[in-house]
Each structure stands twice: as C-alpha cells, then as structure tokens.
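Step one of this worksheet: look at the structure below.
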Amino acid sequence: MNYDSMSNKSYTILITGAASGLGKALAITWAKHYQQQHKPIAICVADIDSQSGAEVVTELIALGAQASYLDCNITDAQQVAQLREHVIDKFGRIDCIINNAGVATGGSLKSEPIEQWQWVFDINLYGMVRVCQAFVDDFRAQGRGQIINIASQAGLTPIPLMASYNAVKAAVISFSETLKLELTDDNIAVSVVCPSFFKTNLDKSLRSSEPLMHRTVARLFEKADMTAEQIAESIFIQAKQKRFLILTHKLGKRTYLMKKWLPMESYLKRAIKGTAKMVAKSKQAVKSEQAASMKKVDGETQGSTQGDQA
C-alpha cells in the first residue's frame, strides 16, 4: 500500500543544498508531482544561502506545498541536530531526505593540497553521514523512510584531474550501498544518484588551483545536454520505484555497463585513450605556468642586480 494514502499528514521531505541548482530542481519537481496528484507535501529547504532559499520556499508555496527554509552548514554537527529538530517540530514527521549539498574540486595529484581533500570530504561525505545519523532513529520509530544520496558518475567511472572529487563520490556510493544492506530490515529505502555533467551551478563552487580545470569543467557544464530539471525528473521517477542505483544519462549508463562487463584492463585501455588529450593539456599547462613563473623570477632577479650595480 502506498504510504501517502495511509495518512492525511503531508509527505515530508528534506533536501540539503536546495537553494539552487539540482537541489532546487528536486524541490520543485517533488512539489509539482504532489500538486498534480492532489496530495499534500511538506518540503524543508536546507542550505547556507538564505536569500535564495527563501525564494525557493516562495515558489514551493505557490505550488501548494508547505515549505520552510533553515540555514544549515552540514559540516557542523550542532546545526544538523538543529535541522532535525526544525523538521520534526514543524512537520511532525520525516519521510525522505535527499542529501544533495555538495561542492566540486579538481586538479592534478600534485596541485591538490590535503586541505582541499579534507574540505570536499567534510562536505560531500561527512556532511551526508551527519544528516543520515540525525534522522535514522526517526525513520525507525515510524517504521519507514527513504534516503536519497546524490553522488556522481565520477564515482563510478572517474576521469583524470579530479582525484579528490572522484574519490569522495565513490565513497558516497559505497556508503549508500552499506546503508542499503544495513537499513533494509528497518523498511528504510536507500538510493544513490550518479548523474554526469548537466547544466547547473556546481562549477561555481569548484575549488582548484589550476586555471585549466576551471575552464575545462565550465566547458563540460556548458556542453551538457541535460538540465537540472530533467535530472530531477529522472530521479523522482526512479526514486519512487525504490531503485538503488539511479543513473540519469544514457552515455553514463553505457560507460558504467562497459566497465562492469569488460575485463578491467580492456576498460582501462579505452579510458586512458579517451582521456589522453585531457591529461596532455594539463601537463602542458603546468609546464607553461612553470616557465612563466621562472621567467618572472629571472626578470625580478635581473632587475634587482641592475639596481645593485647602479
């Protein structure tokens, strides 16, 4: 039996990082579907951008949803605990959480400092863990729940020059699979979403010391053939089917299946060939930057020497 038909209370969903991008598209998509089905829904928008978050709430209310916004930095355990109190106090229940909040990182092995690795893991993985830990007892107490974790195609089929991002998204996939095994007996559904590049604002949060990475990622987002709204629609349909691994792009599905079924060495040869230009451009960019830096140092040294002679 569909749980929504068992109660007059609103289906309640929390979405982190919902003030913009995919998070906003997910909130709007859920609200539209429930409006079309004449079912009540309550949506909590959690983010660190209060102005944009308030605007999203206004849009959701216009669609007939109950909605609220709360500032929440998911790297802060106390704020996550306050988020849980806010949702339960305001709506009296929680049916689904979508862990969408995240940032992007990129760069070659030598260019990414360990602080950058720690930053992306604290947000993209540990933040997700904090939110799940905060709500799991509520799910268990009411006998059901759903967790949807936003990972990335990068966690399944990584590309070069994004080691920290690839690694954290792979960790999200593994974490989600662990939750699936651990929480099934509690009637808590778990899904992990692995989208490829799509038109969104994630590139704006990209942290990288390499200008080439900023240009490359911006170009990939610009060339993307899917919008955040299309991704959100695909997630809604597959999440309602309780599918564990949610793939949203046809090419991503093909690449994943190729990796799954080909011998690993054969797959890696194809992957290396397909990304060779990207790696070569990165190496050339590093050499150019080093040459420019050396030229600048030589110029400063020469100027200083001439000054001493004068």
*For Leu251 and Ser196, run side-chain contact (heavy atoms from CB on, under 4.5 Å): C-alpha distance rounded to whole Å, both residues' side-chain angles, the deciding distance at 0.1 Å, then the answer.*
CA-CA 9 Å; Leu251 180 58; Ser196 298; over 6 Å; no
*How far apart are the C-alpha atoms of Ile98 and Ile150, what are their side-chain angles, what is the distance that settles it, and do they pass the side-chain contact (heavy atoms from CB on, under 4.5 Å) test?*
CA-CA 7 Å; Ile98 302 183; Ile150 307 300; 4.1 Å; yes
*Could I get the full list of side-chain hydrogen bond (donor to acceptor under 3.5 Å, both in side chains) partners for Asn187, not counting sequence neighbours?*
none
_If only side-chain N and O atoms count, and only distance matters, is there a donor-acceptor pair under 3.5 Å linking Thr157 with Thr255?_
no
*Examine the side chains of Glu112 and Ser108 and answer whether a donor and an acceptor come within less than 3.5 Å of each other.*
no
*Mutual orientation of the aromatic rings belonging to Phe139 and Phe135 [parallel < 30°, tilted 30-60°, perpendicular > 60°]*: tilted
*Cation-aromatic face contact Lys240/Tyr11, 6.0 Å, 45 degrees*: yes
*Within 6.0 Å of CD in Glu177, more than 12 heavy atoms from elsewhere*: no
*asked:* By the salt bridge (Lys or Arg N to Asp or Glu O under 4.0 Å) test, which pairs, at least two apart or in different chains, include something from residues 151-164?
replied: none
*Donor-acceptor pair between Thr29 and Glu233 side chains, under 3.5 angstrom*: no
*Is there a side-chain contact between Cys132 and Ile147 (heavy atoms, below 4.5 Å)?*
yes
*Judged by modelled atom types alone, do Asn100 and Thr16 share a side-chain donor-acceptor pair under 3.5 Å?*
no
*asked:* Any donor-acceptor pair under 3.5 Å linking the side-chain atoms of Tyr126 with those of Asn124?
replied: no
*Sidechain N-carboxylate O distance under 4.0 Å for Asp122, Arg130*: yes
*Are Lys24 and Glu55 ion-paired here, with the side-chain N under 4.0 Å from a carboxylate O?*
no
_Among His86, Gln79, Glu85, the one residue meeting side-chain contact (heavy atoms from CB on, under 4.5 Å) with Leu70_ = His86
